[in-house]
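Here the structure comes first, spelled out in structure tokens, and everything after it is commentary.
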Amino acid sequence: EMVDIYNMTGVGTVPTTGFPMEKHVLIRAIVMVVCSLAMLGAIFVIISYACFKSLRSQARQILVNLSLMDFGIGLANFTGAAVNFDKYYVDNTTGSYLVGSYTVDTLCKTQAFFALLTTFASVFWTISLAIYMYLLIFQNKQQKMTYF
């Protein structure tokens with residue numbers, strides 16, 4: 001059975017079947033635990049960089065920036081799982097979408113924006129680290145070759 005989410009026939013229908021509510025809670029709990037562990041790991045990387053001057057190098061600075069973005073991903077996804085936006089937008093009895101309040105709508109959009117922003121930034125920092133490491137290795141090989 002299909003439910004009309006915009007109260008207009010044939011536009012924006014979604015199936016009413018899905019996970020039982022117990023599985024939604026379990027999935028959200030698992031997501032929050034994984035996000036917490038990711039944020040904790042990122043914090044350890046950042047703190048170790050800040051506390052130990054011997055660990056400060058360009059590659060590790062890129063790693064710290066990557067860890068900041070990973071912390072942001074964890075925080076955004078944790079927020080999304082903890083707030084459970086579905087309860088504001090989906091009517092559990094009919095499965096149809098509801099119009100959310102301005103505050104909830106703004107929070108949802110802000111959470112989605114930061115989740116995407118930090119995810120893309122994390123990808124770019126990972127590419128930056130890969131390029132840096134490649135150049136570091138390639139330059140070392142070039143220097144060794146010129147000496148022989």
Side-chain angles (χ1 to χ4, degrees), residues 1-140:
E1 176 186 350
M2 301 297 274
V3 174
D4 188 357
I5 62 172
Y6 299 110
N7 294 325
M8 298 181 289
T9 308
V11 177
T13 55
V14 293
T16 57
T17 60
F19 288 133
M21 191 51 71
E22 303 84 37
K23 288 191 179 180
H24 280 278
V25 172
L26 177 64
I27 290 170
R28 284 193 356 252
I30 291 170
V31 167
M32 291 191 315
V33 167
V34 170
C35 289
S36 298
L37 292 173
M39 290 187 296
L40 186 64
I43 288 171
F44 283 145
V45 170
I46 295 165
I47 289 174
S48 65
Y49 181 83
C51 291
F52 301 104
K53 289 185 180 183
S54 62
L55 295 178
R56 295 181 189 174
S57 68
Q58 256 184 332
R60 288 195 179 100
Q61 187 176 7
I62 294 172
L63 185 62
V64 166
N65 291 329
L66 177 61
S67 295
L68 284 169
M69 294 307 109
D70 288 344
F71 181 85
I73 292 169
L75 184 63
N77 289 326
F78 184 91
T79 303
V83 172
N84 187 19
F85 292 109
D86 285 349
K87 72 180 179 181
Y88 298 105
Y89 290 107
V90 179
D91 183 4
N92 289 332
T93 58
T94 64
S96 62
Y97 277 57
L98 307 170
V99 177
S101 71
Y102 178 76
T103 304
V104 171
D105 192 48
T106 303
L107 179 62
C108 180
K109 288 178 182 177
T110 303
Q111 180 268 339
F113 172 78
F114 280 110
L116 287 173
L117 175 74
T118 54
T119 300
F120 287 136
S122 178
V123 169
F124 292 135
W125 279 113
T126 301
I127 292 169
S128 171
L129 183 61
I131 291 170
Y132 177 80
M133 297 304 287
Y134 173 78
L135 291 174
L136 187 68
I137 292 168
F138 183 71
Q139 285 177 350
N140 282 342

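Model, not experiment: these values are computed from the prediction.
- To the nearest 0.5 Å, atoms CE (Met39) and CD1 (Ile46) are separated by 11.5 Å.
- Using a distance-only test at 3.5 Å, with no hydrogens or angles considered, a donor-acceptor pair links the side chain of Thr126 to the main chain of Ser122.
- To the nearest 0.5 Å, the span separating CG on Leu40 from CZ on Phe71 amounts to 9.5 Å.
- How far CD1 of Ile73 is from CZ of Phe120: 10.5 Å, rounded to the nearest 0.5 Å.
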Test log, rule side chain to side chain contact (heavy atoms under 4.5 Å, CB included), inputs Ile27 and Ile30: CA-CA 5 Å; Ile27 290 170; Ile30 291 170; 5.7 Å; no

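- To the nearest 0.5 Å, atoms CZ (Phe113) and OG1 (Thr118) are separated by 9.5 Å.
- Atom CH2 of Trp125 and atom CG of Asp70 lie 12.5 Å apart (nearest 0.5 Å).
- Judged as a side chain to side chain donor-acceptor pair (under 3.5 Å), not a single pair has a partner in residues 29-57 (not counting sequence neighbours).
- With sequence neighbours left out, Tyr134 forms a ring pair (Phe, Tyr, Trp, His ring centres under 6.0 Å) with Phe138.
- In terms of heavy atoms, Ser67 sits closest to Ala42 at O-CB, 3.3 Å.
- Closest heavy-atom contact between Gly74 and Cys35: O-CB, 3.4 Å.
- Around atom OH of Tyr132, more than 12 heavy atoms belonging to other residues, nucleotides or ligands sit under 6.0 Å away.
- Taking every heavy atom of both residues into account, Leu129 and Ala59 meet most closely at CD1-O, 3.8 Å.
- One distance of note links CD of Gln111 with CG of Leu116; it measures 9.0 Å at 0.5 Å rounding.
- The shortest heavy-atom contact between Ala81 and Met32 is CB-CG, 3.6 Å.
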